[in-house]
*Asks:* 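Quick one: structure below, then a few questions.
We name chains A, B, ... by the order of the sequence lines, and we start the count at 1 in each one.
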Protein chains: 2
Amino acid sequence: MSFVQHSIAVLRSRGYKVTKPRKEVLQAVERATVPVSPYDIGRMMERRGKHLDHVTIYRVLDLLCSLNLVHKVLSRGGFVKCGLLDRPGCHRFLVCRQCGELQEFSDEALCYQESQIARNLGFQPEHHLTESSGLCRRCR
Amino acid sequence: MSFVQHSIAVLRSRGYKVTKPRKEVLQAVERATVPVSPYDIGRMMERRGKHLDHVTIYRVLDLLCSLNLVHKVLSRGGFVKCGLLDRPGCHRFLVCRQCGELQEFSDEALCYQESQIARNLGFQPEHHLTESSGLCRRCR
DNA sequence: GTTGGTGCAAAGGATTTGCAACTTG
DNA sequence: CAAGTTGCAAATCCTTTGCACCAAC
């Protein structure tokens, strides 16, 4: 099942309406190869002769983030589709500092280790955010 | 040696001028207990009867970041003084989602493990950015 | 038909740039 | 005194809010 199809199913199952703007944002994120900002998405649509209000794009992205269908990449300030779909645990990124290409992964051992460190420092850990940067295979 | 003193020494040793605005931004960051934005710093100064142009604050923070004297906390969108000074390796954070309190640490084993994962996925790793969130001792 | 979603207008921040004037070493 | 910094003005971009209208279920 494709990313868009899966996302639509999740929307429906949670009681959210499956609207044209939501489908279009999903398709735009699907096509993107690097993290895209709300305005990037707006421009992508214009180039295809469509138009979406930027406020709508913001709101759709917020919703998709809250459902873990897309992620915000903080080091780049943009959004990407979730590439791990239902896989549990913290989703992490490798980001190419040259071309922006992104690879998503999750790793239980890492979560465990980070949680241990947090507890040792008096924290009760909840989430781990990791974005490693470097060079991807092609840019190396 | 205090954070401010250390930072001034680093500026000097790298050939940067030690100016009044730079010292004042350093002092503001020193006093902050949670990550602060450039405008936060501006307001902190006003409250003390001083004034700094926001553009200057942006530029000073950029410089201090590039020298690793302060860090940008992406999950909170603010800056903090570096609490590990010259300690090598990637600096990481625990951030309290309640009060914003922040603890900095570094961990060699974690760096190693993350690098391994990156290489297995075809990446040449350079930096690891980690910001775990949870509850600090007091907010728990 | 209802409820939730969207578009529009507008406001409020955040961030950047160019240039003249000033300060530090 | 020279080079590096700062302050100001202004432009640009990002993000959010309120409300009237519209579309999906």
Side-chain angles (χ1 to χ4, degrees), chain A residues 4-5 7-29 32 34-46 49-67 69-80, chain B residues 4-5 7-29 32 34-46 49-67 69-80:
Chain A
V4 174
Q5 287 174 322
S7 301
I8 288 175
V10 170
L11 284 173
R12 233 189 280 281
S13 75
R14 303 280 196 106
Y16 293 103
K17 291 183 180 172
V18 178
T19 64
K20 216 160 98 175
R22 287 179 180 169
K23 282 190 277 192
E24 279 165 353
V25 169
L26 283 169
Q27 282 160 15
V29 172
V34 299
V36 287
S37 73
Y39 276 94
D40 289 337
I41 293 177
R43 283 184 287 262
M44 288 170 72
M45 312 262 331
E46 299 291 350
K50 303 191 173 186
H51 175 77
L52 264 194
D53 191 85
H54 69 273
V55 177
T56 301
I57 301 176
Y58 272 91
R59 295 195 269 225
V60 171
L61 287 171
D62 272 356
L63 174 64
L64 299 178
C65 270
S66 76
L67 297 172
L69 296 170
V70 309
H71 300 299
K72 187 168 191 175
V73 182
L74 294 174
S75 60
R76 282 244 150 192
F79 296 83
V80 288
Chain B
V4 174
Q5 288 174 322
S7 301
I8 288 174
V10 170
L11 284 173
R12 234 189 280 283
S13 75
R14 302 281 195 106
Y16 293 102
K17 292 183 178 171
V18 178
T19 64
K20 215 160 98 176
R22 286 178 180 171
K23 281 191 277 193
E24 280 166 351
V25 169
L26 283 170
Q27 282 160 16
V29 172
V34 298
V36 286
S37 72
Y39 276 94
D40 289 337
I41 292 176
R43 282 184 288 264
M44 288 169 71
M45 312 262 331
E46 300 291 349
K50 303 191 171 185
H51 176 77
L52 263 193
D53 192 85
H54 68 271
V55 177
T56 300
I57 301 177
Y58 272 91
R59 294 195 269 227
V60 171
L61 286 172
D62 271 356
L63 174 63
L64 298 178
C65 270
S66 75
L67 297 173
L69 296 170
V70 310
H71 300 299
K72 186 169 192 176
V73 182
L74 295 175
S75 59
R76 281 242 151 194
F79 296 83
V80 288

*Asks:* Quick check on DNA chain C: between B/Val18 and B/Arg43, whose nearest nucleotide comes earlier from the 5' end?
*Replies:* B/Arg43

*Asks:* Does A/Asp62 pair with A/Arg59 as a salt bridge, N-O distance under 4.0 Å?
*Replies:* no

*Asks:* Does some side-chain heavy atom of B/Leu52 sit less than 4.5 Å from a side-chain heavy atom of B/Val60?
*Replies:* no

*Asks:* Report yes if a side-chain nitrogen or oxygen of B/Thr19 is closer than 4.0 Å to either non-bridging phosphate oxygen (OP1 or OP2) of C/dT23; otherwise report no.
*Replies:* no

*Asks:* Under a 4.5 Å cut-off applied to non-hydrogen side-chain atoms, are B/Lys23 and B/Ile8 in contact?
*Replies:* yes

*Asks:* Pick one: which of B/Val25, B/Val29, B/Val10 meets side chain to side chain contact (heavy atoms under 4.5 Å, CB included) with B/Leu64?
*Replies:* B/Val25

*Asks:* For the residue pair B/Leu63 and B/Leu11, establish whether any side-chain heavy-atom pair is separated by less than 4.5 Å.
*Replies:* yes

*Asks:* Assuming nearest nucleotide by heavy-atom distance, tell me which of B/Lys17 and B/Asp53 is located more 5' along DNA chain D.
*Replies:* B/Lys17

*Asks:* Which label fits A/Tyr39 and A/Tyr58: parallel for a plane angle under 30°, tilted from 30 to 60°, or perpendicular past 60°?
*Replies:* perpendicular

*Asks:* Which is the 5'-most and which the 3'-most nucleotide of DNA chain D that has an atom under 4.0 Å from a heavy atom of chain A?
*Replies:* D/dC14 to D/dC25

*Asks:* Using only atom types and a distance under 3.5 Å, with no angle test, would you say the side chain of B/Arg22 pairs donor to acceptor with the backbone of B/Lys17?
*Replies:* yes

*Asks:* Grab the N/O contacts between the protein and nucleotides 15-19 of chain C below 3.5 Å, and write none if there aren't any.
*Replies:*
from, atom 1, to, atom 2, distance (Å)
C/dT15, OP2, B/Tyr58, OH, 2.4
C/dT15, O5', B/Tyr58, OH, 3.2
C/dT16, O4, B/His54, NE2, 3.3

